[in-house]
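Here is the structure we will look at.
Reminder, nothing fancy here: chain letters follow the sequence lines and each chain counts from 1. Computation of the quantities below employed the complete heavy-atom set of this structure, encompassing side-chain atoms and omitting hydrogens, waters and symmetry-equivalent molecules. This is a predicted model, so every value here is computed, not measured.
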Amino acid sequence: MMIEVTDLVVAYGAATALDRVTLSVAEGEMVALLGPNGAGKSTLAGALAGLLRPASGTVTVGGRLALIPEGRQLFPDLSVADNLALGGWRSGVRDPSAVYDVLPRLAELADRRAGVLSGGEQQMVAFGRALMSRPDVLVVDELSLGLAPNVTAGLARHLAELNRSRGLAVLLIEQNARLAFELCRRAYVLESGRLVTEGESAALAGDPRVAGAYLGGAIT
Amino acid sequence: MSAFLTYLLNGLAVGCAIALIASGLVVIHRVTGVVNFAQGTFAVVAGLCASSLLGLGLPHGASELAAVLAAAVAGLLTGLAAVGRPGTTPLSSLIVTLGVGVLAYAVEIVLWGDQPRSALGLAGSVTVAGARIQTQHLLVIVVTAVAFVALALFFGRTYLGKALTACASNPYAARVVGIDVRRMGLLAFALGGLLGGLAGVLVTPMRPISFDTDVTLIVNGFAAAVFGALTRPVITLGGALLLGVAETMAAGYGYGSHQLEIALGLMLVVMIVQAGRHPAISQEPT
Amino acid sequence: SGGSGSGGGGGDPIKVGLIVSLTGNYTPLGSEDKKAVELAVEQVNAAGGLLGRKVELVTRDDKTAPDQGIVAYNQIKGDIDALIGPVFSNAALAVEPLAQRDRMPYLSLAPAQEQVEPIKSYVFVTPALSSMYAERYLQYIQAEGIKTIAVAWDSKSAYSVSGHQAMTALAGKYGVTIAVDEPYETTNSDFSALFQHVRDSRAEALVFWGSGAPGVTAAKQYVASGLKTPLFLTASQASKLWLEPMGAAAEGMTVQSAIGVIGEHLPAGKQKQVIEQMAGPYRQKHGYPPPQFAQDGYSASLLLFEAIRKANSTDKEKVRQALESMDLVTPNGRFRYSATDHSGLSPEYISVNTVKNGAFVPTPWAAEQLAKTVGALG
Amino acid sequence: MIVRRALGPLAAAAVTLALPAVLDDSALAVYVLLGLAAMVTVGVSLLMGYAGQVSLGQGAFYGLGAYTAALLALNGLPPLLGLLAAPVAAAAFALVVGLPLLRLRGHHLAFATLAMQLILLSLAGQLEFTGGDIGLQAIPPFSAWSFEAGGVTAYAYLTWAGLALVMLVTRNVIASRPGRALRALATSETAAASSGIPVGRYKLAVLALSAAFAGLAGGIYCFYTGYVAPGSFPVLISIQYIVMAVVGGLGTIWGAVAGAAAITLLVQGLDQLANLPGMPSYAPGVLSYAVYALVLIAVVLFLPNGLVPAIRRLLSRERPVKTR
Amino acid sequence: MLAVQGVSRSFGGVYAVRDVTLDVADGEVCAVIGPNGAGKSTLFNLITGHLAAERGAISFLGRRVDRLAPHRRARLGMSIVFQAARVFRGMTVRENVMVGLHGSTSAGFVAAALRLPRHRRDEREIAARADAALERVGLADWADRPADRLPIGQQRALQLARALCARPRLLLLDEPASGLRGQERERLAELVEELRADGLTILLVEHDVAFVTRLADRIVVLDLGRVIADGPPAEVRNDPLVLAAYLGQSA
Ligand SMILES: Nc1ncnc2c1ncn2[C@@H]1O[C@H](COP(=O)(O)OP(=O)(O)OP(=O)(O)O)[C@@H](O)[C@H]1O
Ligand SMILES: Nc1ncnc2c1ncn2[C@@H]1O[C@H](COP(=O)(O)OP(=O)(O)OP(=O)(O)O)[C@@H](O)[C@H]1O
Ligand SMILES: [Mg+2]
Ligand SMILES: [Mg+2]
């Protein structure tokens with residue numbers, strides 16, 4: 001298992017954000033995590049990356065984990081190139097040219113301070129920075145946020161490609177449930193800190209409750 | 001003309017001494033986001049150590065080296081108090097460094113007493129293009145130049161330098177990519193202590209040092225460091241030189257009793273003019 | 001409130017208040033004052049006390065802040081029979097009106113002229129005022145045949161501001177012209193401009209007013225500057241705190257001092273004896289000769305003790321009267337307070353020295369003058 | 001609920017009124033200075049804790065108020081006029097210097113205010129009419145109509161009346177439209193501006209208000225001590241106010257008062273202790289410095305939100321507390 | 001209603017917005033789309049006054065506004081929901097929204113400090129209007145929570161309530177749907193439709209093409225700071241330039 005979470009409880013002060021959550025992601029698997037605003041998805045992502053301490057339960061990660069955090073979380077005072085290079089802190093990768101191949105726009109912006117980039121450009125940097133660590137498992141807290149449709153499509157394709165070629169495992173939190181279902185074979189649904197459903201994407205997409213809440217009728 | 005050159009050269013030396021204090025402030029703030037009010041203390045500790053060691057008969061060079069190392073240790077200890085505890089906000093850390101500075105008074109009084117001390121430095125003076133400058137001043141200029149080139153290269157060019165910078169730029173993100181923010185903070189404080197110590201051993205021969213000299217030292221250093229936004233070594237050096245030269249020129253051309261007003265005022269004007277160029281929107285997250 | 005006025009009655013000790021800076025900027029001064037006053041109290045108690053009673057010291061810290069001086073005074077005023085006061089002029093001036101209001105005999109350790117102009121009946125000053133130092137230097141300068149001088153002064157220090165003022169006012173009287181009049185700030189760390197201006201002038205001597213760090217900084221840079229015009233330093237530099245950092249570079253420089261500093265060069269007599277009465281034990285206890293501030297504190301103590309003895313009581317009005325008719329030789333020289341003079345000293349008790357072999361030695365002129373002054377005391 | 005809310009302030013008012021009557025002169029001197037420090041600190045807390053603007057020069061406004069009142073009184077104007085002029089002058093000065101200085105943010109603003117104080121002190125120490133380094137002496141005691149403040153008790157009441165006024169004004173301001181605007185611009189000047197808040201003008205206004213508080217304290221100070229000098233307003237005093245605000249709890253009015261009280265009493269307590277007979281000669285320095293520093297560090301590290309929020313949490317465990 | 005004429009802005013020599021001309025009619029919902037970094041947010045900042053235009057003119061309600069400070073433009077009736085959620089820390093949700101009414105009320109420091117009657121009246125009215133706005137975006141239950149702890153989605157709703165309660169004439173929405181899930185997105189779309197029905201003029205930036213197509217009367221496409229297409233949704237969606245620069249194969 002790449003990610004193994006058992007009975008995880010995480011609290012902010014008195015408020016419990018995750019309540020006995022158990023889930024797993026196998027090697028080479030792409031799994032989606034759905035849920036409404038405030039369900040605790042980002043909290044789970046933070047706990048996986050070791051940024052939040054669990055109140056109880058266990059989190060085990062079976063390889064190098066990289067996180068694309070909520071809110072991008074770049075180094076605003078550093079250049080795009082330096083942001084990417086620091087993504088390689090754990091892996092020792094310093095040269096961002098592989099990322100530039102995936103996201104050519106970043107090559108143009110290499111010397112720009114990350115703090116002044118547009119929202120979407122920042123999202124690209126966050127994605128590229130996570131790739132720099134050559135992860136075995138990638139936790140993506142929102143992939144398409146602020147990205148133009150053609151960029152989103154490109155990144156989704158790239159994730160699928162990495163999954164195929166290098167066996168990259170992915171836990172994907174994504175606002176666009178359709179995209180998530182397309183990309184991931186399996187999905188979990190989190191509501192108010194509890195796992196409410198899990199299953200094959202195809203089955204979930206067919207479930208009227210899930211479809212109503214996350215596929216959102218006419219839109220998307 | 002040679003009068004002007006005298007003022008200029010000596011002003012540069014004064015500015016360099018200020019810059020050395022400021023450099024430690026910059027290093028620590030750049031990495032931890034903390035304004036280290038104990039920075040003057042590092043210089044005082046080193047100055048007092050050096051004067052004691054020299055007094056014990058240790059040769060020059062060895063004494064100063066030991067003193068600088070002592071300051072680095074002081075820096076590390078300050079760091080442990082200020083950023084050693086996870087979750088300490090920069091404002092809390094700032095107050096802790098204030099506290100450390102005051103605590104150091106007590107330690108210094110016990111070890112060295114409350115009377116000022118001095119150390120002997122390089123004697124004599126050198127004449128450059130008709131202008132005289134003390135040898136010790138020249139030494140300060142050289143050391144400062146080396147220190148700042150090293151700092152600029154370290155932060156601007158090296159990977160470790162960038163990782164250190166990243167820690168203050170966004171500590172959360174630093175943890176996301178796996179940087180140990182706490183350890184980097186301690187490293188920065190030790191480095192800050194080292195630079196403060198360097199300033200201390202170089203300044204002691206020029207002026208007596210007592211336990212509370214840190215206040216005088218930090219005011220100018222703070223001015224220069226803020227000028228460089230507390231993050232940029234080269235601009236900080238520029239600010240320090242501006243201060244130093246403004247002071248000597250003011251004294252040279254008949255405003256000796258208004259040096260402070262002139263130097264600080266000038267600095268304020270430059271800052272305010274620059275601030276006008278940065279709209280608020282570009283300082284907030286996109 | 002109000003003290004235990006009626007003296008005599010054996011048992012209970014005489015309480016002397018001491019407020020000095022024990023923290024903050026003036027700590028180096030205040031702590032020396034404290035050591036000296038403690039020494040004086042020890043000595044007087046060893047000799048059986050005053051009026052048959054022990055003397056007890058009640059010490060408070062003014063933290064080098066005027067308002068803390070007031071807090072300190074309020075804390076002890078009900079307890080004490082007399083006060084030896086702050087060395088920091090601002091704190092001394094803050095305490096002064098309270099002491100005057102409470103009719104508290106008050107010997108100030110601060111040299112500010114304002115304390116005795118106008119005279120407040122209960123307020124007396126012990127250190128020599130800077131105007132006296134100024135006048136003494138002018139006498140020396142005249143005697144040396146110098147006509148033109150340069151004066152540098154710290155525009156942030158009351159001591160040096162009023163010294164400079166007195167010098168400017170009195171220069172004419174001694175036939176001296178001031179060619180360079182150069183203010184600087186306490187925090188100044190570079191004096192090349194001053195030396196440049198002196199070099200460009202006709203000045204035959206440079207008188208440097210300042211205390212603390214600038215005294216050392218300027219003197220060191222003076223040596224490096226290669227300036228030939230002789231440098232005259234004031235009494236703030238007459239201590240090991242200046243001598244030690246200067247090292248050999250100080251040789252031959254001219255430095256003023258209170259008479260106590262050069263006690264060993266005085267002819268035997270009352271003055272020398274009283275200086276040694278303090279200097280010996282002080283050196284023994286603390287390992288170095290008493291600096292100027294210590295002598296001020298010790299002199300203040302002697303003055304107060306003598307006043308209580310003369311008043312034969314700790315009644316505050318009687319002590320005040322005794323002070324006002326005081327004539328006493330102290331390490332600072334002979335004090336003669338009167339209803340019109342609450343500073344008591346005169347310039348004759350100031351020495352002008354040169355540094356020889358790392359020590360202050362009176363110049364021939366000063367040696368001669370002092371011999372005359374001291375000789376008159378017997 | 002309302003009764004419970006009013007209980008705290010009522011109790012505080014009762015204690016405030018009772019204390020001057022029972023304390024002796026020596027304790028009252030501390031009480032007065034504590035009240036004055038609290039007055040300035042409330043302003044610092046308003047400026048820093050609510051509006052997010054750092055001033056390292058609050059001591060300058062304190063001094064400005066003191067000098068203003070002193071100069072007016074020394075020139076024969078009624079002390080009451082001097083006392084009223086003190087906050088006005090401080091606020092007016094804040095408006096003038098704030099115009100350029102408030103274009104700066106964060107550390108730049110902190111430095112600029114510090115520099116302002118250094119420059120003012122330097123000028124006060126050199127100008128003729130401010131009495132130079134020696135300062136202004138023989139300031140008459142405070143009087144209004146037929147009342148003349150004779151002893152410390154009168155100043156204690158005056159100070160704490162002033163403090164009550166300052167706290168009331170602050171409370172009213174923060175819980176209202178301008179107060180919300182201040183808290184908003186502390187987070188985001190752009191979002192605040194987009195809500196129609198004239199950011200620059202509000203920053204000026206809050207600086208002026210906090211300066212007025214400091215000025216009022218300075219006015220009382222000058223009559224109380226009868227003496228003002230540059231040495232009364234060192235730069236360290238401005239830093240002390242920030243320490244007080246942080247220790248008490250930024251962004252709460254009571255925190256400012258608690259912080260001022262805690263620090264003042266700690267300092268005085270240590271001073272008394274250090275000067276007890278039998279203490280070694282280095283005790284004053286070492287105790288005042290070391291113990292003070294250790295307590296300060298411990299409080300900041302272990303109660304990062306300050307004393308008042310910590311006490312509140314203790315008192316009302318059951319209710320969730322709103323902290324920042 | 002809004003007329004942007006030949007407006008440009010560069011950063012360090014690179015144009016983020018270049019010679020953009022744009023007219024928005026009263027009651028219109030106009031969407032601005034374009035690749036990342038095309039200059040959409042910059043254009044919004046120019047319109048609201050957070051950035052100064054280097055060239056060109058901006059008029060609002062027939063009046064030149066390009067020299068006015070942001071808060072003055074806000075008071076004329078412009079409200080913006082920023083791309084990054086900017087909630088005010090240390091304040092409750094209700095207080096956050098009450099700030100939005102700053103421009104339409106007037107009690108100042110003196111009135112507040114003295115608790116004048118006018119100030120109390122103002123406060124009552126502000127609170128009532130804030131609650132109405134919270135109701136409208138579905139945040140009524142959250143009114144007393146500290147705002148900075150809200151999940152992202154609620155923070156965006158909060159921003160919208162803050163913008164709405166000022167009763168603006170022109171509402172600028174910068175990616176209002178980002179971070180919202182299906183159902184929430186649907187609710188937002190309905191709200192925008194309601195607002196349009198109320199006669200509000202809306203300028204909208206959004207990368208969700210379906211969302212935009214459903215709501216917008218007209219779409220303007222920016223690329224590299226320039227307008228490359230302007231027209232009704234159906235037309236713009238099939239514009240080859242737009243397909244190439246923005247929509248890619250996913251459209
Ligand atoms: N720092 C914090 N302090 C207190 N509560 C928090 C904090 N961060 C999040 N929460 C609360 O924890 C819960 C889960 O939040 P989380 O951010 O994990 O949700 P999410 O599923 O990621 O939502 P979204 O879809 O909006 O990103 C929410 O109720 C939120 O209010
Ligand atoms: N303050 C600034 N300094 C330098 N460059 C900037 C600044 N602000 C914006 N830019 C640049 O201007 C360009 C336009 O940015 P803008 O934020 O307007 O894009 P956008 O169209 O909103 O993109 P997105 O869809 O990603 O939000 C970007 O390339 C950005 O990097
Ligand atoms: Mg989330
Ligand atoms: Mg944008």
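In this structure, chain D has a heavy atom under 4.5 Å from the side chain of F82(E), while its backbone stays farther away. Of the atoms belonging to R73(E), not a single heavy atom falls under 4.5 Å from chain D. Only the side chain of E123(E) comes within contact range of chain D, judged by heavy atoms closer than 4.5 Å. Proximity to chain E (any heavy atom under 4.5 Å) is restricted, for L182(D), to the side chain, taken from C-beta onward.
Atom NE2 of residue H50(E) and atom CD of residue E189(D) lie 11.0 Å apart, to the nearest 0.5 angstrom. Considering OG of S176(D) and CZ of R120(E), their distance stands at 12.0 Å, rounded to 0.5 Å.
Y202(D) and H71(E) have their aromatic ring centers separated by at least 6.0 angstrom.
The two atoms that bring A184(D) and F88(E) nearest to each other are O-CD2, 3.3 Å, heavy atoms only. For A74(E) against S195(D), the heavy-atom pair with the smallest separation is CB-C, 4.4 Å.
Comparing T48(E), I80(E), T105(E), V87(E) by heavy-atom pairs within less than 4.5 Å of chain D, the highest count is held by T105(E). Between chain D and the residues A69(E), G103(E), A113(E), the most heavy-atom pairs under 4.5 angstrom are made by A113(E). Considering only heavy-atom pairs separated by less than 4.5 Å from chain E, the leading option among S188(D), S194(D), A175(D), G200(D) is S194(D). The residue among T170(D), L168(D), V173(D) with the most heavy atom pairs within less than 4.5 Å of chain E is V173(D). For the set A166(E), A107(E), P70(E), the count of heavy-atom pairs under 4.5 angstrom toward chain D peaks at A107(E). Between chain E and the residues V169(D), V199(D), L209(D), T190(D), the most heavy-atom pairs under 4.5 angstrom are made by T190(D).
The main-chain N or O of R89(E) is found under 3.5 Å from a side-chain atom of T187(D) such that the two form a donor-acceptor pair.
Contact of the P198(D) side chain with the R75(E) side chain is registered, since non-hydrogen atoms from C-beta on lie closer than 4.5 Å.
For R115(E), the CZ atom sits in a packed shell: over 12 heavy atoms of surrounding residues, nucleotides or ligands are nearer than 6.0 Å. For E135(E), the CD atom counts as loosely surrounded, since its 6.0 Å shell holds 12 or fewer non-hydrogen atoms of other residues, nucleotides or ligands. Counting heavy-atom neighbours within 6.0 Å of R196(E) CZ, excluding the residue itself, gives a total above 12.
E95(E) pairs with exactly one of R183(D), R177(D), R180(D) by the salt bridge (Lys or Arg N to Asp or Glu O under 4.0 Å) rule, that one being R183(D).
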